[in-house]
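What follows is a short report on a single structure.
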Amino acid sequence: MKTYLAEDYEQMSAKAAEIIKEQLVNKPSLTLGLATGATPLGLYKKLISEYQKEQLSFHDVKTVNLDEYLGLSKNDVNSYYHFMYENFFRHININPNHTHIPNGMTEDPQQECKQYEQMIQSIGGIDLQVLGIGLNGHIGFNEPGSSFDCSTHIVQLDKSTRQANARFFPAIEDVPTEAITMGIKTIMNARQIILLASGAKKAEAVRRLMEGKVEAQFPASVLQLHPNVCIILDKDAASLLRERSTSL
Ligand code: F6R
């Protein structure tokens, strides 16, 4: 595992953007795995700004998102489709047909999972997956106890995950109870992974991710087994680590 220690959120986001930019220059038709949530917002802003300065093109890029709530339509302000469109896709020159997010309104969620997984295979897999981390160690919506051998599947969201995400909804009861997520196997098949974490709230999760036992009870720990992972942290998120990380 490579680690970069950034001063703050801004620098963490800039480092992640730099890594993606390098890969995009090498392979303009890169397939990017993307995450939602607060963590990658700064990264998306940086990538948008590079595009606006004509330093980057997304013309040939394909994207696959990690997850989507079941029961929320594309137009719902809390759907991950809406999040990606508002915070990233509408600002860049990506072909909408090249962007993929599970359909939260599907009538057949099992079939949707199967098709999503097949779609990822058919476009040649994920070159670079961006991840955040949940306080309980989830990646995507793979909650504690998830099998490392899972492909895209339906999950019951953990109470703590629904609580953490309730800030975006009128009330906790409005947070969906189920989601479709790429599985840990799908994520681990990505050729490269970058995981971003910032803030003291994430420090214990980061410690377990990097220095804890590899166990299903803490899904992010599986990343210790991936051959090409880069963990990009700000100082607060790195504050409980025993080992000194590479400073930016
Ligand atoms: C989002 C996702 C989640 C988040 C995690 C952290 O698509 O799959 O695993 O990365 O919940 O969320 P934030 O960044 O809001 O702390």
Side-chain angles (χ1 to χ4, degrees), residues 6 8-10 12-13 16 32-45 63-70 72 74 76-89 99-104 113 116 120 126 128-146 150-169 172 175-188 190 193-206 208-209 218-223 229 231-234 236-238:
D8 52 21
Y9 179 80
E10 181 73 15
M12 175 198 77
S13 306
L32 276 174
L34 298 177
T36 59
T39 308
L41 279 173
L43 161 64
Y44 297 149
K45 282 207 178 98
T63 65
V64 287
N65 262 76
L66 281 167
D67 39 23
E68 178 62 284
Y69 289 116
L70 270 175
L72 295 193
K74 287 181 173 181
D76 193 300
V77 291
N78 283 308
S79 74
Y80 286 171
Y81 179 93
H82 188 268
F83 176 99
M84 290 310 300
Y85 179 77
E86 279 303 317
N87 292 301
F88 195 30
F89 298 153
T99 66
H100 306 277
I101 302 177
N103 175 8
C113 292
Y116 200 71
I120 295 173
I126 299 166
L128 200 173
Q129 176 67 52
V130 176
L131 294 177
I133 182 170
L135 296 177
N136 62 2
H138 72 223
I139 47 174
F141 271 139
N142 294 282
E143 300 284 24
S146 301
C150 251
S151 49
T152 301
H153 62 290
I154 301 157
V155 279
Q156 304 291 323
L157 296 176
D158 217 57
K159 195 172 162 211
S160 67
T161 299
R162 293 182 66 233
Q163 267 160 357
N165 291 359
R167 62 191 192 272
F168 304 113
F169 292 81
I172 184 147
V175 184
T177 54
E178 290 184 316
I180 291 181
T181 183
M182 276 186 205
I184 291 185
K185 193 161 92 184
T186 327
I187 294 171
M188 289 294 278
I193 296 177
I194 57 176
L195 181 143
L196 281 61
S198 82
K201 247 177 40 187
K202 295 285 172 82
E204 175 57 13
V206 166
R208 285 187 72 182
L209 149 71
F218 199 79
S221 63
V222 74
L223 298 176
V229 181
I231 312 287
I232 309 174
L233 306 170
D234 71 0
D236 291 339

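Computed from heavy atoms alone, side chains included, the values below leave out hydrogens, waters and symmetry copies. As the structure lists them, so they are numbered: ligands from 1, and atoms in each ligand from 1. One is the number of the first residue; the rest follow in order along the sequence.
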For atom 11 (O) of ligand 1, the closest protein heavy atom turns out to be H138 NE2, 2.7 Å
Can you figure out which of G199, G140, S198, G134 has its heavy atom closest to atom 3 (C) of ligand 1? G140
Does CD belonging to E86 count more than 12 external heavy atoms closer than 6.0 Å? yes
So is there a nitrogen or oxygen of I139 less than 3.5 Å from a nitrogen or oxygen in ligand 1? no
Within 4.0 Å of some non-hydrogen atom of D67, the atoms of ligand 1 are 1 (C), 2 (C), 7 (O), 8 (O)
Closest to atom 6 (C) of ligand 1 (judged by heavy-atom distance), picking from L196, I133, N136: I133
For Y85 and Y81, take the angle between the two ring planes, folded into 0 to 90°, and tell me which bin it lands in: parallel under 30, tilted 30 to 60, perpendicular over 60. parallel
Mind checking whether R167 has a heavy atom under 4.0 Å from ligand 1? yes
Atom 15 (O) of ligand 1: the protein heavy-atom neighbour that sits closest, reported with distance to 0.1 Å: A38 N, 2.9 Å
Among all protein non-hydrogen atoms, which one is nearest to atom 1 (C) of ligand 1, and what is the separation to 0.1 Å? T36 OG1, 3.1 Å
Do the rings of Y69 and F141 sit parallel, tilted or perpendicular, given the 30° and 60° boundaries? tilted
Backbone N or O of P102 within a donor-acceptor pair of the N65 side chain at under 3.5 Å? no
For A35, take its heavy atoms, then give the atoms of ligand 1 lying under 4.0 Å from any of them. 7 (O)
Which atoms of ligand 1 have any heavy atom of K202 under 4.0 Å away? 6 (C), 13 (P), 16 (O)
Looking only at protein heavy atoms, which one is nearest to atom 10 (O) of ligand 1, and what is the separation? G132 CA, 3.4 Å
Identity and distance of the protein heavy atom lying nearest atom 14 (O) of ligand 1: T39 OG1, 2.4 Å
Report, in ascending order of atom number, the atoms of ligand 1 lying under 4.0 Å from any heavy atom of L66. 8 (O)
